[in-house]
Every structure is written in structure tokens, then in C-alpha cells.
Amino acid sequence: MDDYPLLGVMLTMLSFFLFMAWIFCLFYIFRDVFRSRDLSGFAKAGWVFLIVLLPLIGVLAYLISRGSSMQQRDAQEAAERERAIQEYIRTVATSPPPAAATETPTTAPAAPTTPAHAK
């Protein structure tokens, strides 16, 4: 343990955190590229090619050129998802329950029992 000082541990943890943040950023940008409806297929391929070929420059260029609209697409997708959930809840809440669940199970009436002392 003496060969690896505390500063080395902290720098390793920092570099690991930055690497994970970089990976998260890449996945977030790829997700945004492929769900953008205003980009053509060639534009999407161009952005992916740029991000894969020159990662730092590609990510910075994407964030500068399309970063402001990323939040708008997130908000629009969340609103569509919320609308779909509310519509589903309305259809489930207003539909009548299945017929099998509304019927009470019928059992044969119990036969009258005579007390044992009556015999």
C-alpha cells in the first residue's frame, strides 16, 4: 500500500469518474441524434461518424450546434409519454370490469342439518 499514495488514489478515482461522465455524455448524445426527427439519415450518420472519429471535437460541436434543442426534445418526449399514460389510465378507469369478476360465485344451498339429539 505504500507504493500507491493517497494522491494517486484520488487521481485514479477522479479519472474514473471523468471517464464514466464521458461515456454517459456519449450515450446521451447518440440517443439524442437517433431520436431527432428533424435530422435526415445522412445528417445522423455524419454526426455519428464525427463523434466516433473525433470524439472530443464531435461532442463539443454537437453540444454547441444542437445543445439548446436537446432540452426541448426531452420535454416534448416527456409530455408525449405523460399524455399516453394519462390516456391509458382514463381507458382503464372508465372501462367496465370483466364479466367474470362481477359475478359472485354461486354455491349450492346448504342442506338442512338435523341435530344429533333429534334422532
Side-chain angles (χ1 to χ4, degrees):
M1 190 73 182
D2 293 332
D3 295 336
Y4 201 58
L6 183 61
L7 182 60
V9 171
M10 297 300 281
L11 289 176
T12 302
M13 288 173 38
L14 179 65
S15 63
F16 181 74
F17 171 76
L18 291 175
F19 180 71
M20 287 294 123
W22 176 253
I23 296 295
F24 175 79
C25 187
L26 284 177
F27 278 107
Y28 190 74
I29 288 176
F30 280 134
R31 179 178 148 253
D32 189 65
V33 165
F34 286 111
R35 73 184 173 133
S36 292
R37 294 181 181 143
D38 60 335
L39 286 177
S40 68
F42 288 114
K44 290 178 184 182
W47 278 115
V48 169
F49 183 72
L50 182 66
I51 291 171
V52 169
L53 189 64
L54 302 167
L56 183 61
I57 295 171
V59 166
L60 289 176
Y62 187 82
L63 289 176
I64 290 170
S65 65
R66 297 185 49 86
S68 61
S69 62
M70 287 173 72
Q71 190 273 335
Q72 293 169 352
R73 283 187 292 278
D74 279 341
Q76 181 182 8
E77 183 180 326
E80 289 173 5
R81 206 175 316 126
E82 180 68 24
R83 232 178 287 120
I85 289 171
Q86 292 299 327
E87 181 181 332
Y88 172 74
I89 290 172
R90 265 189 238 103
T91 60
V92 171
T94 58
S95 66
T102 58
E103 295 177 7
T104 57
T106 56
T107 57
T113 56
T114 55
H117 67 283
K119 290 185 181 184

- In sequence, state the C-alpha distance, the side-chain angles, and the governing distance for Phe34 and Leu39, and then conclude on side chain to side chain contact (heavy atoms under 4.5 Å, CB included). CA-CA 9 Å; Phe34 286 111; Leu39 286 177; over 6 Å; no
Report whether [X] and [Y] are members of the same hydrophobic cluster (ILVMFWY, side-chain heavy atoms less than 4.5 Å apart, transitive linking).
| X | Y | answer |
| --- | --- | --- |
| Phe17 | Phe24 | no |
| Leu53 | Leu26 | yes |
| Phe42 | Val33 | no |
| Met20 | Val9 | no |

- Message: side chain to side chain contact (heavy atoms under 4.5 Å, CB included) for Asp74 and Arg31? Distances and angles first, verdict last.
- Response: CA-CA 11 Å; Asp74 279 341; Arg31 179 178 148 253; 3.6 Å; yes
Evaluate the side-chain proximity of [Y] to [X]: yes if any heavy-atom separation is below 4.5 Å, no if none is.
| X | Y | value |
| --- | --- | --- |
| Ile57 | Ile51 | no |
| Gln72 | Gln76 | no |
| Asp38 | Arg66 | yes |
| Asp32 | Tyr62 | yes |

- Message: Looking at Arg37 and Glu80, is there a salt bridge between them, counting it only when a charged N and a carboxylate O are closer than 4.0 Å?
- Response: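 Salt bridge present between Glu80 and Arg37.
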- Query: Do Glu82 and Gln86 have side-chain atoms, one donor and one acceptor, less than 3.5 Å apart?
  - Reply: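 Result is yes, a qualifying pair exists.
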- Item | Distance-only polar pair, side chains of Ser69 and Arg73, donor-acceptor under 3.5 Å |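 A pair is found: one side chain offers a donor N or O, the other an acceptor, under 3.5 Å apart.
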- Item | Residue pairs fulfilling salt bridge (Lys or Arg N to Asp or Glu O under 4.0 Å) with at least one residue in residues 39-61, sequence neighbours excluded |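 Counting only pairs at least two positions apart or across chains, no salt bridge (Lys or Arg N to Asp or Glu O under 4.0 Å) contact touches residues 39-61.
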Atom pair [atom1]/[atom2] of [X] and [Y] - distance to nearest 0.5 Å:
| X | Y | atom1 | atom2 | answer |
| --- | --- | --- | --- | --- |
| Leu60 | Ile64 | CG | CD1 | 6.0 Å |
| Leu18 | Cys25 | CG | SG | 12.0 Å |
| Thr94 | Arg90 | OG1 | CZ | 9.5 Å |
| Ile29 | Met70 | CD1 | CE | 5.5 Å |
| Leu6 | Leu11 | CG | CG | 9.5 Å |
| Glu87 | Thr91 | CD | OG1 | 6.5 Å |

- For atom OH of Tyr28, decide whether the heavy atoms of other residues, nucleotides or ligands shown that lie under 6.0 angstrom number more than 12.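 For Tyr28, atom OH is crowded (more than 12 foreign heavy atoms under 6.0 Å).
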- Message: Taking atom CE as the centre, does Met10 end up with more than 12 heavy-atom neighbours from other residues, nucleotides or ligands that are less than 6.0 angstrom away?
- Response: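 Atom CE in Met10 is not crowded, with 12 or fewer foreign heavy atoms closer than 6.0 Å.
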- Message: Quick one, Val52 with Trp47, criterion side chain to side chain contact (heavy atoms under 4.5 Å, CB included). Give me CA distance, side-chain angles, the key distance, then yes/no.
- Response: CA-CA 9 Å; Val52 169; Trp47 278 115; over 6 Å; no
- Query: Of the non-hydrogen atoms in Gly58 and Leu50, which two are nearest, and what is the gap between them?
  - Reply: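 Shortest heavy-atom separation between Gly58 and Leu50 comes out as CA-CG, 3.7 Å.
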